[in-house]
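Presented below is the structure to which this report refers.
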Amino acid sequence: MSFAASLIPNDLRPIYEKVLQDQRLTAEDGVKLLETRDLFALGAIANEARRRRVGDYVYFNNNAHINYSNVCALWNVCKFCAFGKQNKVDPEGYTYTIDQMVEKAKAYARLGVTEFHMVGGLHPDMPFNYYTEFMAAIKQAVPDAHLKCFTAVEIDFIARKFKLSLEEVLTRFKEAGHGSMTGGGAEMFHPEVHNEICKGKMPGSRYLEIHRTAHKLGIRTTSTMLYGHIEKPYHVVDHMLKLRELQDETGGETAFIPLAFHPTNTGMAHLPGPTGYYDLKIIAVARLLLDNFKAIKSYWIMISPRIAQLSLNFGANDIDGSVREEKIYHFAGATTPMLQEQNELLDLIRQAGRIPAERDTVYNILRVHDSVPTAV
Ligand code: V47
């Protein structure tokens, strides 16, 4: 028996056997995994699934987040959000001009950034051209950059506001230089949770419809799940299985990113937020249930570089990128840095015994770095 197998307790053994035989796990398996107290056994199973399905590379990229505005029509709807501000009332509200966006993009391009991740609030006043013009202007200034822009919630808002179909919005955005969509806005699909944390926001079915439409147009997306608030294991499993179903249908998701809830300054500030133990469990269960996702991403800015590094032994194979500028979690009290230099990401990956692979947005490998660990 291998060392990994010797760690598996009897109640998880049937699940481990399924993983060894490449069989799909069920909702009941997912709940059982989330309920186990045996974190290391769970990690060993997820690590085995990761090794078999996607090998030893850990992906990262050279990216920069630019949050174009935090003004949001739903500023008082999403209880978990500290970022969205009321238009014209809140002194912390801001909206970048197109010139400001271009200046930022040019400065980041000089640092070798290949991807701009751009999302914002649902601004009630900006014209449709604001979005197309900022993308076109950035593309003109930095032609090789990939513009990973907008969550499904922004696409829904823009389509309804300007009375356009989803196809029309996405096609016009694509013509302006849009490359792919981010995964934000999913929160948790199950209505019991959705109605509690963001009643009035578009439902999970609309998120899935927008991702499906994007995939049909050849636009890749990532997907997310906000965890660590009021959810139960069956809510987590429901969310992941809905994404698995969509991925079976379209294959258009590049990565799944669990988003750890940060409570400070939010309408749910009384909650403690997730622990490191739960962060690792969620990553492991994502790897095991989402058998058709190649990348399970640990977003270091939310769970800290240290937990992100540990998660590489719990099923994760992507550690996001340099990020550089981050507002959503820092408005919500994040104390993590906003930048990880490339050598820091390389060290995290190498010290976990894995091979750093620098990628572009859609997971073409740009460079495999040697895997020699630096001194621990
Ligand atoms: O949609 C908001 C979440 C999302 C909080 O696609 C919060 O590669 C935790 O989607 N605590 C935006 N989460 C960020 C996002 C993302 C991040 C990194 C990579 C990718 C990707 C996507 O952040 C929002 C919402 O779900 N969020 N407030 C909070 N207090």
Side-chain angles (χ1 to χ4, degrees), residues 59-61 63-68 70 72 74-75 77-85 115-122 146-157 179-189 193-194 197-198 201-202 204 207 210-211 214 219-231 239 243 252-269 271-274 279 282 293 295-303 308 316 318-336 338 359-363:
Y59 298 96
F60 70 95
N61 72 349
N63 64 349
H65 286 217
I66 306 177
N67 297 122
Y68 58 84
N70 64 349
C72 187
L74 296 186
W75 63 275
V77 164
C78 300
K79 288 189 197 166
F80 54 82
C81 184
F83 174 71
K85 304 291 174 200
E115 168 192 295
F116 296 113
H117 175 127
M118 297 191 283
V119 299
L122 309 181
H146 180 106
L147 307 189
K148 179 173 167 177
C149 307
F150 311 117
T151 65
V153 182
E154 289 160 273
I155 300 293
D156 170 66
F157 177 77
S180 66
M181 269 173 64
T182 78
E187 322 321 350
M188 206 164 263
F189 297 147
V193 178
H194 184 90
I197 67 172
C198 52
K201 188 173 187 165
M202 68 173 207
Y207 178 96
I210 292 168
H211 278 225
I219 298 166
R220 310 299 295 275
T221 65
T222 52
S223 49
T224 62
M225 177 188 76
L226 179 71
Y227 70 93
H229 38 85
I230 58 161
E231 78 278 10
H239 190 98
L243 289 174
E253 298 287 346
T254 53
F256 175 70
I257 309 115
L259 300 175
F261 174 51
H262 277 243
T264 307
N265 302 327
T266 75
M268 299 194 291
L271 296 176
D279 291 333
I282 290 285
F293 277 64
I296 302 294
K297 191 196 276 189
S298 243
Y299 187 34
W300 60 263
I301 215 154
M302 305 193 73
I303 58 174
D318 189 302
I319 200 158
D320 205 88
S322 37
V323 183
R324 297 170 197 278
E325 177 177 321
E326 201 292 316
K327 292 199 165 33
I328 297 175
Y329 310 108
H330 288 80
F331 267 107
T335 53
T336 45
M338 290 196 193
R359 62 164 176 84
D360 67 12
T361 306
V362 291
Y363 287 81

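Each ligand, and each atom within it, is numbered from 1 in the order the structure gives.
For Tyr299 and Glu326, the side-chain atoms include no donor-acceptor pair closer than 3.5 Å. If you check the side chains of His117 and Thr182, you find no donor sitting under 3.5 Å from an acceptor.
Each of Arg220, His146, Lys148 was compared with Ser180 under the side-chain hydrogen bond (donor to acceptor under 3.5 Å, both in side chains) criterion, and only His146 meets it.
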- Task: Start with the C-alpha gap between Glu187 and Ile197, add the side-chain angles, then the distance that decides, and say whether side chain to side chain contact (heavy atoms under 4.5 Å, CB included) holds.
- Result: CA-CA 9 Å; Glu187 322 321 350; Ile197 67 172; 4.3 Å; yes
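Taking Thr361 as the reference, Glu115 meet the side-chain hydrogen bond (donor to acceptor under 3.5 Å, both in side chains) condition, with sequence neighbours excluded.
Phe80 is not listed as a side-chain neighbour of His229, based on a closest heavy-atom distance of 4.5 Å or more.
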I'd like a table of the close N/O pairs between ligand 1 and the protein (anything under 3.5 Å), one pair per line with both atom names and the distance.
from: ligand 1; atom 1: 1 (O); to: Gly185; atom 2: N; distance (Å): 2.7
from: ligand 1; atom 1: 6 (O); to: Gly183; atom 2: N; distance (Å): 2.9
from: ligand 1; atom 1: 6 (O); to: Thr222; atom 2: OG1; distance (Å): 2.5
from: ligand 1; atom 1: 8 (O); to: Lys148; atom 2: NZ; distance (Å): 2.7
from: ligand 1; atom 1: 8 (O); to: Lys297; atom 2: NZ; distance (Å): 2.9
from: ligand 1; atom 1: 10 (O); to: Gly184; atom 2: N; distance (Å): 3.3
from: ligand 1; atom 1: 11 (N); to: His262; atom 2: N; distance (Å): 2.9
from: ligand 1; atom 1: 23 (O); to: Tyr329; atom 2: OH; distance (Å): 2.8
from: ligand 1; atom 1: 26 (O); to: Glu187; atom 2: OE1; distance (Å): 2.5
from: ligand 1; atom 1: 26 (O); to: Glu187; atom 2: OE2; distance (Å): 3.4
from: ligand 1; atom 1: 30 (N); to: Phe80; atom 2: O; distance (Å): 2.7
from: ligand 1; atom 1: 30 (N); to: His262; atom 2: O; distance (Å): 2.9

